[in-house]
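Taking it in order: structure first as structure tokens, then the write-up.
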Number of protein chains: 2
Amino acid sequence: MVERQRDAERTRTELLDVATEEFAENGYSGARVDEIAARTRTTKRMIYYYFGGKEQLYLAVLERAYAEIRAAERTVDVDHLDPVAAVRRLAEVTFDHHEAHPAFIKLVGVENAQHAKHMNHVARLVDLNSSAVDLLRGVLDRGRAEGTFRDDVDALDVHMMISSFCFFRVANRHTWGALFDRDLLDESRRGHYRTMLGDLVTGYLRK
Amino acid sequence: MVERQRDAERTRTELLDVATEEFAENGYSGARVDEIAARTRTTKRMIYYYFGGKEQLYLAVLERAYAEIRAAERTVDVDHLDPVAAVRRLAEVTFDHHEAHPAFIKLVGVENAQHAKHMNHVARLVDLNSSAVDLLRGVLDRGRAEGTFRDDVDALDVHMMISSFCFFRVANRHTWGALFDRDLLDESRRGHYRTMLGDLVTGYLRK
DNA sequence: CATCTAATGTACGAACTGGTACGTTAGTTA
DNA sequence: TAACTAACGTACCAGTTCGTACATTAGATG
């Protein structure tokens, strides 16, 4: 055995990284504690030392995944764009995020499969997410005041419209490949789908 | 022990019914063969007798679930409607189907989690599904010829647009309930979302 | 440099879980 | 009604998997 080096932070982070992949790929019950440990430079013992157990590790993974994606979203500056362009920009950012974070999408699926029972224990997640919708709500208000947007639309509905398109494309990639012989993530169609989403949303919003 | 009655068909069907729920609810690895058997009037032995094993049982479940939903779709008659109304009708049928078959939606998620590796062994599924898109393609052609629809739209893309909205609403119900305190399946919002989808799709298609 | 503790490694057990060997019986058929 | 087979039940095994008891050590602290 090579002489070990101690680095609590590194060990914790490494466990989280590997666990994220493992849980995303295999689901909660499908994920193997031994497998996670084997793919790190530490041992299974450390999962229990740092997190307490499989479930708490999963919780930590989930929290970090959401925190990362919402933090990135908040960096978007839409105030200098006109409402139509701003909505399109937000849709594009969501589109790009989903594509860049397949593990996150899978974790959302895993959590829904469990009726979001773990999520309820992480109050911080609610704040994180509602702030993302607030951004969109502001743009919609601006568009309404300006007269460009219809005034019967709800921000959360628009957020769902955008999310569903982006989510589906990543989440159902494999069944679509098998059933329709179409790779929804094929690079050559990326621009097409990105534009399509923008058209869809702005088309729906316009008076 | 009560005297047993023999009924091969009933036993098979009962196993499939229970297995559908079990796999949908717990995923492939999360599903328990013992649990499935316990919830039927027969024993675990019969799973191996009729299907061969856990994996083949899952395959049978998947195939039947897709067959059911596509069969229902084919009953829709759109030829007597004008293209716009026909598209709206197709969207509504898909919407209703997704809502009425949550187990099916979950199975799609489960299968994607496994990179659709089982689906590839069921050639029949491909035919089933492509025929559903053919129906839509016909309507789009008609609308184009008529001059109502734009002529740069692909039927598969429209199908995805519709599916993603319907799928998301059911699949991500729980995380949305937790994060945004909104029950996407709440009965009071059902009509709203159904209309919204129709508006969205027809709005996108119109010239 | 002696001491102490956070951090780490090893070995193992108890429960679970998919699968099977083997025996039994309901209902059909000659 | 005797013989036969599809249908079914019981008991058990072997591998897996989460979790833990216990031993060890790197590096900080005084």
Side-chain angles (χ1 to χ4, degrees), chain A residues 1-62 107 110-111 113-114 117-118 121, chain B residues 1-62 107 110-111 113-114 117-118 121:
Chain A
M1 175 69 33
V2 189
E3 73 198 56
R4 57 185 139 156
Q5 287 183 18
R6 304 189 155 198
D7 189 338
E9 197 46 47
R10 190 202 67 180
T11 301
R12 243 191 85 98
T13 308
E14 206 173 333
L15 280 171
L16 273 178
D17 291 341
V18 176
T20 298
E21 287 305 316
E22 177 76 6
F23 280 119
E25 207 51 47
N26 305 104
Y28 180 74
S29 65
R32 298 285 165 250
V33 175
D34 282 302
E35 181 61 23
I36 293 170
R39 289 203 298 223
T40 64
R41 273 171 293 184
T42 184
T43 64
K44 182 172 61 159
R45 178 69 183 76
M46 291 302 98
I47 290 173
Y48 294 88
Y49 184 73
Y50 284 112
F51 299 97
K54 184 182 182 178
E55 187 167 1
Q56 292 97 312
L57 175 60
Y58 169 75
L59 224 93
V61 163
L62 194 68
L107 283 174
V110 170
E111 183 59 9
Q114 294 174 76
K117 71 173 174 186
H118 296 101
H121 301 309
Chain B
M1 175 67 35
V2 189
E3 70 199 57
R4 56 183 140 156
Q5 287 182 16
R6 303 188 155 199
D7 189 338
E9 198 45 49
R10 190 201 68 180
T11 301
R12 242 190 88 95
T13 308
E14 205 173 332
L15 281 170
L16 272 177
D17 290 341
V18 175
T20 298
E21 287 306 315
E22 176 77 7
F23 281 119
E25 206 52 47
N26 305 103
Y28 180 75
S29 66
R32 297 287 165 249
V33 175
D34 283 301
E35 182 61 23
I36 292 170
R39 289 202 299 222
T40 64
R41 274 171 292 182
T42 184
T43 63
K44 182 171 62 157
R45 178 67 183 77
M46 290 303 98
I47 290 172
Y48 294 89
Y49 184 71
Y50 283 111
F51 299 97
K54 183 182 183 178
E55 187 167 0
Q56 292 98 312
L57 175 60
Y58 169 76
L59 226 92
V61 162
L62 194 69
L107 283 175
V110 169
E111 183 60 9
Q114 294 174 78
K117 71 174 171 184
H118 295 101
H121 300 310

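Below, chain A is the first sequence line, B the second, and so on; all start at residue 1.
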Quick check on the helix from dC1(C)-dG30(D) to dA30(C)-dT1(D): what's the angle between its two end axes, five base pairs per end, to the nearest 10°? 10°
Decide whether a cation-pi geometry holds between K54(A) and Y28(A); the criteria are a distance under 6.0 Å from NZ or CZ to the six-membered ring centre and an angle within 45° of the ring axis. yes
To the nearest 0.5 Å, tell me how far L62(B) CG sits from T20(B) OG1. 9.5 Å
How long is the gap from CZ on R45(B) to OH on Y50(B), to the nearest 0.5 Å? 10.5 Å
Restricting to non-hydrogen atoms, name the atom on A60(A) and the atom on F51(A) that form the minimum distance, rounded to 0.1 Å. CB-CE2, 3.8 Å
Spatial distance of atom NE2 (H118(A)) from atom CG (L107(A)) [nearest 0.5 Å]: 12.0 Å
Could you tell me whether R32(A) and E22(A) make a salt bridge, using a distance below 4.0 angstrom between a side-chain N and a carboxylate O? no
Using a cut-off of strictly less than 4.0 Å between a heavy atom of the residue and any atom of DNA chain D, enumerate the qualifying residues of residues 29-54 of chain B by number. T42(B), T43(B), R45(B), M46(B), Y49(B), Y50(B)
The reported gap from CG in L15(A) to CD1 in I36(A) (rounded to nearest 0.5 angstrom) is 8.0 Å
So CE of M46(A) and CG of L57(A): to nearest 0.5 Å the spacing works out to 13.0 Å
What is the minimum heavy-atom distance between N26(A) and S29(B), and which atoms define it? O-OG, 4.3 Å
Short of 4.0 Å, heavy atom to strand atom, which residues of residues 8-19 of chain A count as contacting DNA chain D? none
Going by distance alone, is a donor N or O of one side chain under 3.5 Å from an acceptor N or O of the other, for Y58(A) and E111(A)? yes
Between dG19(C) (C1') and E55(B) (CD): distance, integer Å: 14 Å
